[in-house]
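Written below as structure tokens is the structure these notes are about.
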Amino acid sequence: MDAFTRFTNQTQGRDRLFRATQYTCMLLRYLLEPKAGKEKVVMKLKNLESSVSTGRKWFRLGNVVHAVQATQQSIHATNLVPRLCLTLANLNRVVYFICDTILWVRSVGLTPGINKEKWRIRAARHYYCFLLLSLIRDLYEISLQMQQVARDRSKEKLLSQNPFGHSVADEETEWLQSFILLLFRSLKSHPPLLLDTVKNLGDILNPLDQLGIYKSNPGIIGLGGLVSSIAGIIIVAYPQMKLKTH
């Protein structure tokens, strides 16, 4: 109970819970819409989704400052690839939050003259760039982890296995299986990297759809957003599960 209280006392924790609720409503609404007699339930889910989305806007108003701080921290990363990816990603995240704030100001009627569609596309574009660069960083970290696991396995084989036990043909046919197994072991040994990758993959479906790069239905977007939100909840609840910058 104390852990839940600490979690909900954090702005990010409340935002993750609201986000999970929002995407759960989207997924359930998609599943129930084709069924007869569910019109009232679908309408309630739609209203709840809209209300939660509006509530999340308040939590995100101060995120520009956090994104700027994250950009400053990423500049000091020792490894070139993560430093470049994270710095550019966080810069896009700053612009995304600025666009999101402008859209919020327009939605409450303070600046009705703003072109909503133009700023929505801008926000989606910068959010997409942020997620894409974050995924490139994830792939780089995965490759490093796979190299480490491969080296460890090679040492084990030298100690415990006959080097002439497999033919070249066997190695070629088992390449894909070995790659998948190596990827699985790499992610299993590094849960923060797995969570960060899953979170970014789930999130990127929405901007891909908004920008027309890859069209998805609300069910797929809702499922991706829900999985991403659960990963985000775990990261906020257990800070040790956050992917560290080296």
If you group Ile, Leu, Val, Met, Phe, Trp and Tyr whenever their side-chain heavy atoms sit less than 4.5 Å apart, what else falls in with [X]?
X: V41; answer: L28, L32, V42, L45
X: V81; answer: Y140, L144
X: I220; answer: L205

Could you tell me whether R120 and E117 have a side-chain N and a carboxylate O separated by less than 4.0 Å?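 Here R120 pairs with E117 in a salt bridge, since their nearest N and O are under 4.0 Å apart.
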SB check K38 E33 (cutoff 4.0 Å):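 Answer for the salt bridge query: no.
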Are the side chains of [Y] and [X] in contact, using a 4.5 Å heavy-atom criterion?
X: M146; Y: F179; answer: yes
X: P207; Y: L131; answer: yes
X: P192; Y: K242; answer: no

Looking at [Y], is its backbone amide N or carbonyl O close enough to the side chain of [X] to form a donor-acceptor pair, meaning the two atoms are under 3.5 Å apart?
X: S107; Y: W104; result: yes
X: N115; Y: K118; result: yes
X: S53; Y: E49; result: no

Spacing of [atom1] belonging to [X] relative to [atom2] belonging to [Y], to within rounding of 0.5 Å:
X: D196; Y: S134; atom1: CG; atom2: OG; value: 7.0 Å
X: L223; Y: N217; atom1: CG; atom2: CG; value: 10.0 Å
X: L187; Y: L193; atom1: CG; atom2: CG; value: 5.5 Å
X: L132; Y: N200; atom1: CG; atom2: CG; value: 10.0 Å
X: L88; Y: I136; atom1: CG; atom2: CD1; value: 9.5 Å
X: L208; Y: S216; atom1: CG; atom2: OG; value: 7.0 Å

Can you run down the ring pair (Phe, Tyr, Trp, His ring centres under 6.0 Å) pairs that involve residues 185-207, sequence neighbours left out, and say none if there aren't any?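 Output for this query is empty, none listed.
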Which pairs of donor and acceptor atoms, one on a side chain in residues 225-239, lie under 3.5 Å apart (sequence neighbours left out)?
unit_1: S228; atom_1: OG; unit_2: R19; atom_2: NH1; d: 3.4
unit_1: S228; atom_1: OG; unit_2: K199; atom_2: O; d: 3.1
unit_1: S228; atom_1: OG; unit_2: D203; atom_2: OD1; d: 2.6
unit_1: S228; atom_1: OG; unit_2: D203; atom_2: OD2; d: 3.1
unit_1: S229; atom_1: OG; unit_2: R19; atom_2: NH1; d: 2.9
unit_1: S229; atom_1: OG; unit_2: G225; atom_2: O; d: 2.7

Give the cluster check for [X] versus [Y]: same hydrophobic cluster or not, with ILVMFWY residues linked at side-chain heavy-atom distances below 4.5 Å.
X: M241; Y: V198; result: yes
X: L201; Y: I213; result: yes
X: L86; Y: Y128; result: no
X: I114; Y: L103; result: yes

When you look at NZ of K244, are more than 12 heavy atoms from neighbouring residues, nucleotides or ligands closer to it than 6.0 Å?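 Above 12, so yes.
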Please assess L195 against L243 for the test side chain to side chain contact (heavy atoms under 4.5 Å, CB included), listing each intermediate value before the final yes or no. CA-CA 8 Å; L195 282 173; L243 185 60; over 6 Å; no
For [X], give me all partners under salt bridge (Lys or Arg N to Asp or Glu O under 4.0 Å), at least two apart in sequence or on another chain.
X: E39; answer: none
X: K215; answer: D209
X: R185; answer: none
X: R137; answer: E141

Between T87 and L133, is a side chain to side chain contact (heavy atoms under 4.5 Å, CB included) present by the stated rule, with each step listed? CA-CA 9 Å; T87 301; L133 288 162; over 6 Å; no
Could you pull out the closest heavy-atom pair between N92 and C129, with the gap in Å?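 Reported closest heavy-atom pair: OD1-CB, 3.4 Å.
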Determine the sole option in M43, K44, K46 for which the side-chain contact (heavy atoms from CB on, under 4.5 Å) test with R29 is passed.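 Output: one option passes, namely K46.
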Worked check of side chain to side chain contact (heavy atoms under 4.5 Å, CB included) between Q210 and I121: CA-CA 7 Å; Q210 289 180 328; I121 294 297; 5.5 Å; no
What's the verdict on side chain to side chain contact (heavy atoms under 4.5 Å, CB included) for Y23 and N206, showing C-alpha distance, side-chain angles and the deciding distance? CA-CA 11 Å; Y23 282 108; N206 196 11; 3.6 Å; yes
Residues two or more places apart in sequence or in another chain: which of them pass ring-ring contact (aromatic ring centres under 6.0 Å, His included) with Y127?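 For Y127, the residues satisfying ring-ring contact (aromatic ring centres under 6.0 Å, His included) (neighbours in sequence not counted) are Y96.
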Could you list the residues that satisfy ring-ring contact (aromatic ring centres under 6.0 Å, His included) with F130, not counting sequence neighbours?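 For F130, no residue satisfies ring-ring contact (aromatic ring centres under 6.0 Å, His included) once neighbours in sequence are set aside.
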Under the side-chain contact (heavy atoms from CB on, under 4.5 Å) rule, collect the residues that match up with C99, sequence neighbours excluded.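 Listed in chain order: V95, W119, R122, A123.
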